[in-house]
Amino acid sequence: MASLLHLHFIFLIAFLLIYPAISNNCSSSPAPISGNTHFANCTALPYLKSSLYWTYNSTNSTLAIAFVAPLPSSDGWISWGINPITASMIGTQCLIAFKASNGSMIVNTYNLTSYTSITQTDKLLFEVLNSKAEYSNGAMQILATLILPSNMTTVNQVWQVGLAVKDGTPMAHKFDPDNLKSKGTLNLTTSSGGDEKNATAPAPAGGGGQSDDKMGGSSRISNKNTSFYVFVVFLGVLFFNLRSI
């Protein structure tokens, strides 16, 4: 029995060492604001203290995302988008979220054509099926579902935050190093949500934060967060064996 207990102890230590890595690779990044928001993947973005929760469905080339970032000011904005050519700001097709003067949340689509101006447009190179924004405790979130070109395996993503919105137009962001480096490549082949028939942005959870739903949508995104339950079962087995000594 002592050897069995020793073996259980070794397994416990090993599990505790690897558990943070397998359960949540975004533990130090902002979590989704909605309590019922579940995605197949999470990417802790390296700049602006932001994170991207996402599910890619290769069957219908849909990408459902929740981009979360702290606002640099109460009147600020956040943005996430895709550049079809390269990982840079110019040419990015993006969604920008901010709070309107009446307190409602707004998500608009823009084509970034220069460093000094943006162009609001409803015609992007990819279709936006739905989009919405939420705000809670100083953080803002964009939820959206996009239709990407078929057989796409990577996307050039660009994200940003800004200090102010004037007359419904987001003002220029800072040019600090983190702002200038907020771009990269998202590998869609790591997604584990390909078995879903339709990936859509989840509806906001009731009672938490403010939100604005631009085109509706309900959650059908899978959640691979089973490690925690395995851990609970393991502790139960260990406790039972300890009582049997």
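Index from 1, following the sequence.
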Is it true that [X] and [Y] fall in one hydrophobic cluster, defined by side-chain heavy atoms closer than 4.5 Å?
{"X": "L95", "Y": "Y56", "value": "yes"}
{"X": "F98", "Y": "L112", "value": "yes"}
{"X": "M152", "Y": "L124", "value": "yes"}
{"X": "I96", "Y": "L163", "value": "no"}

To the nearest 0.5 Å, what is the distance between [atom1] ([X]) and [atom2] ([Y])?
{"X": "S51", "Y": "F67", "atom1": "OG", "atom2": "CZ", "value": "8.0 Å"}
{"X": "T109", "Y": "E127", "atom1": "OG1", "atom2": "CD", "value": "11.5 Å"}
{"X": "S114", "Y": "N111", "atom1": "OG", "atom2": "CG", "value": "10.0 Å"}
{"X": "I90", "Y": "I85", "atom1": "CD1", "atom2": "CD1", "value": "13.0 Å"}
{"X": "Q93", "Y": "I82", "atom1": "CD", "atom2": "CD1", "value": "9.0 Å"}
{"X": "Q141", "Y": "W80", "atom1": "CD", "atom2": "CH2", "value": "13.5 Å"}

For the student: nearest non-hydrogen atoms of [X] and [Y], plus distance:
{"X": "C42", "Y": "Y53", "result": "SG-CE2, 3.4 Å"}
{"X": "A133", "Y": "V107", "result": "CB-CG2, 3.4 Å"}
{"X": "N102", "Y": "S104", "result": "OD1-OG, 2.7 Å"}
{"X": "S150", "Y": "S61", "result": "CA-OG, 3.4 Å"}

So do the side chains of [X] and [Y] get within less than 4.5 Å of each other, counting heavy atoms only?
{"X": "L71", "Y": "Y135", "answer": "yes"}
{"X": "L186", "Y": "T43", "answer": "yes"}
{"X": "Q157", "Y": "L52", "answer": "yes"}
{"X": "L188", "Y": "T153", "answer": "no"}
{"X": "P170", "Y": "Y110", "answer": "yes"}
{"X": "V161", "Y": "W77", "answer": "no"}

Judged by atom type as modelled, is there a donor-acceptor pair below 3.5 Å linking the side chain of [X] to the main-chain atoms of [Y]?
{"X": "T169", "Y": "V165", "result": "no"}
{"X": "Q160", "Y": "N179", "result": "yes"}
{"X": "N57", "Y": "T62", "result": "no"}
{"X": "T121", "Y": "K123", "result": "yes"}
{"X": "D176", "Y": "D178", "result": "no"}

inquiry  = So if I apply the side chain to side chain contact (heavy atoms under 4.5 Å, CB included) rule between V155 and each of L146, N83, L148, which one comes out positive?
reply    = L148

ask   = When you look at N60 and I147, which way does the side-chain contact (heavy atoms from CB on, under 4.5 Å) test go after all the steps?
value = CA-CA 8 Å; N60 55 14; I147 299 181; over 6 Å; no

task = Step by step, work out the side-chain contact (heavy atoms from CB on, under 4.5 Å) result for K99 and M105.
result = CA-CA 5 Å; K99 188 181 296 186; M105 303 298 298; 4.2 Å; yes

query = Aromatic rings Y47 and W159: how do their planes relate, parallel, tilted or perpendicular, breaks at 30° and 60°?
reply = parallel

request  = Walk me through it: do N187 and T189 pass the test side chain to side chain donor-acceptor pair (under 3.5 Å)?
outcome  = CA-CA 6 Å; N187 185 356; T189 62; 2.5 Å; yes

task = Answer yes or no: does atom CG of D167 have more than 12 heavy-atom neighbours from other residues, nucleotides or ligands under 6.0 Å?
result = no

